[in-house]
K.L.:
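Could you have a look at this structure, given as structure tokens, before my questions?
Quantities reported herein were computed from a predicted structural model and do not represent experimental measurements.
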Amino acid sequence: PEAVEEAGVVYPEIFWLAECLLRAPLAPEWSRQVLDEEGEGASWIYVNARTGDALGEPPDFAVFAEMAHLAAAASQDVDGEVAGECAEQVREIRQEAMREAEAIAARWTQHMDRATGKEYYYNQECSMSSWRLPAAAQLYLVWVADKLLAIEGLFPAQPLA
């Protein structure tokens, strides 16, 4: 516990990214299910309703881990050269997430549920409906990348494309 607290002081952006990952919205086909409620805490599993795939970590874990790696490398950079390269890679992650969000949005149509008056989304391609914004996970990644790039002193300043 003490080592974790010290690491949080040295690398606050990594702890922030971990919090973001835990709060990240899931794509409509993913759900988080309790695997085991015994012991000190619940164990979770992430299940894809379309493919049947099951993961022990959130579906976007690898992307958040990559951003954490880039943030750590940038924070340890003394001359600024590595930090600039890391910032460029975070921008690429952001741009890819934006492209994915646009592609997802194009496949879903928005509708109004007559019984509840709530909006829902429908994907005719896979006959799936969702109450959640289908591109929310990708848009959240865009937001996280923007906030990470804006952390003062971590990356060289450069306007977003």
Side-chain angles (χ1 to χ4, degrees), residues 1-36 39-51 53-108 110 121 123 130-161:
E2 194 173 304
V4 171
E5 284 180 32
E6 287 176 24
V9 171
V10 176
Y11 300 110
E13 54 281 334
I14 294 175
F15 277 70
W16 175 77
L17 283 166
E19 275 187 353
C20 289
L21 172 62
L22 294 175
R23 295 174 188 204
L26 297 172
E29 64 269 16
W30 287 96
S31 65
R32 185 172 85 161
Q33 300 174 8
V34 176
L35 185 61
D36 180 19
E40 290 189 21
S43 297
W44 299 96
I45 190 167
Y46 296 84
V47 179
N48 186 309
R50 282 193 307 149
T51 65
D53 290 343
L55 303 173
E57 68 273 336
D60 286 331
F61 177 82
V63 177
F64 278 87
E66 178 64 16
M67 287 194 290
H69 170 77
L70 294 167
S75 70
Q76 295 173 358
D77 185 26
V78 237
D79 61 13
E81 187 175 314
V82 172
E85 293 171 10
C86 292
E88 187 54 38
Q89 289 179 42
V90 172
R91 286 185 194 92
E92 289 173 13
I93 290 170
R94 180 197 184 281
Q95 290 170 348
E96 178 61 25
M98 185 58 83
R99 281 191 294 272
E100 288 176 13
E102 291 167 354
I104 289 168
R107 293 191 304 266
W108 291 77
Q110 188 174 2
Y121 303 88
N123 183 326
S130 175
W131 294 107
R132 299 182 302 214
L133 180 66
Q138 287 71 25
L139 293 173
Y140 185 74
L141 274 174
V142 170
W143 179 83
V144 169
D146 284 346
K147 294 295 181 188
L148 187 61
L149 288 166
I151 293 175
E152 191 173 329
L154 185 60
F155 298 112
Q158 182 177 343
L160 294 174

K.L.:
Is any side-chain heavy atom of E57 closer than 4.5 Å to a side-chain heavy atom of W44?
P.N.:
no

K.L.:
Looking only at heavy atoms, which two atoms of I104 and A135 are closest? And how far apart?
P.N.:
CG2-N, 3.9 Å

K.L.:
What's the verdict on salt bridge (Lys or Arg N to Asp or Glu O under 4.0 Å) for R99 and E96, showing C-alpha distance, side-chain angles and the deciding distance?
P.N.:
CA-CA 5 Å; R99 281 191 294 272; E96 178 61 25; 2.9 Å; yes

K.L.:
Nearest 0.5 Å, what's the CD-CG distance between E92 and L70?
P.N.:
9.5 Å

K.L.:
Got a donor-acceptor contact below 3.5 angstrom from the D77 side chain to the A83 backbone?
P.N.:
yes

K.L.:
Show, in sequence, the C-alpha distance, side-chain angles and deciding distance for L149 and L154, and conclude whether the side chain to side chain contact (heavy atoms under 4.5 Å, CB included) test is met.
P.N.:
CA-CA 8 Å; L149 288 166; L154 185 60; over 6 Å; no

K.L.:
Flag the pair E66 / F61 as yes when at least one side-chain heavy-atom distance between them is below 4.5 Å, and no otherwise.
P.N.:
no

K.L.:
Kindly give the heavy-atom pair with the smallest separation between M67 and I93, and that separation in Å.
P.N.:
CG-CD1, 3.8 Å

K.L.:
List the residues meeting side-chain contact (heavy atoms from CB on, under 4.5 Å) with L26, not counting sequence neighbours, and say none if there are none.
P.N.:
W30, R32, Y46, P59, R132

K.L.:
After noting the C-alpha distance and the side-chain angles of V47 and I45, does the key distance pass the side chain to side chain contact (heavy atoms under 4.5 Å, CB included) rule?
P.N.:
CA-CA 6 Å; V47 179; I45 190 167; 4.2 Å; yes

K.L.:
Any heavy-atom pair between the side chains of L141 and R94 that's under 4.5 Å?
P.N.:
no

K.L.:
Looking only at heavy atoms, what is the nearest atom pair of A97 and Q138, with distance?
P.N.:
O-CB, 3.4 Å

K.L.:
Would you name the heavy atoms of F155 and A71 that are closest together and state the gap between them?
P.N.:
CZ-CA, 4.2 Å

K.L.:
Given side chains that start at C-beta, do those of V34 and S43 come closer than 4.5 Å, heavy atoms only?
P.N.:
no

K.L.:
With rounding to the nearest 0.5 angstrom, report the OG to CD distance, S130 to E29.
P.N.:
9.0 Å

K.L.:
So, does Y121 use its side chain to make a donor-acceptor pair with the main chain of P28 at under 3.5 Å?
P.N.:
no

K.L.:
Grab the two heavy atoms, one from A136 and one from P25, that are nearest each other, plus how far apart they are.
P.N.:
O-CG, 3.6 Å

K.L.:
I would like to know whether K147 and W16 meet side chain to side chain contact (heavy atoms under 4.5 Å, CB included); could you show each step before the answer?
P.N.:
CA-CA 10 Å; K147 294 295 181 188; W16 175 77; 3.5 Å; yes

K.L.:
Count the heavy atoms belonging to other residues, nucleotides or ligands that lie under 6.0 Å from CD of E81, then report whether that count exceeds 12.
P.N.:
no

K.L.:
Which heavy atom in A27 sits nearest to a heavy atom in A137, and how many Å separate them?
P.N.:
N-CB, 4.1 Å

K.L.:
Measuring from atom SG of C20 to atom CH2 of W143, what distance do you get when rounded to the nearest 0.5 angstrom?
P.N.:
5.0 Å

K.L.:
Has D60 got a side-chain atom pairing as donor or acceptor with V63's backbone, closer than 3.5 angstrom?
P.N.:
no

K.L.:
What I'd like to find out is whether the side chain of P58 reaches to under 4.5 Å of the side chain of F64, using heavy atoms alone.
P.N.:
no

K.L.:
Tell me, do L133 and L139 make a side-chain contact under 4.5 Å, heavy atoms counted?
P.N.:
yes

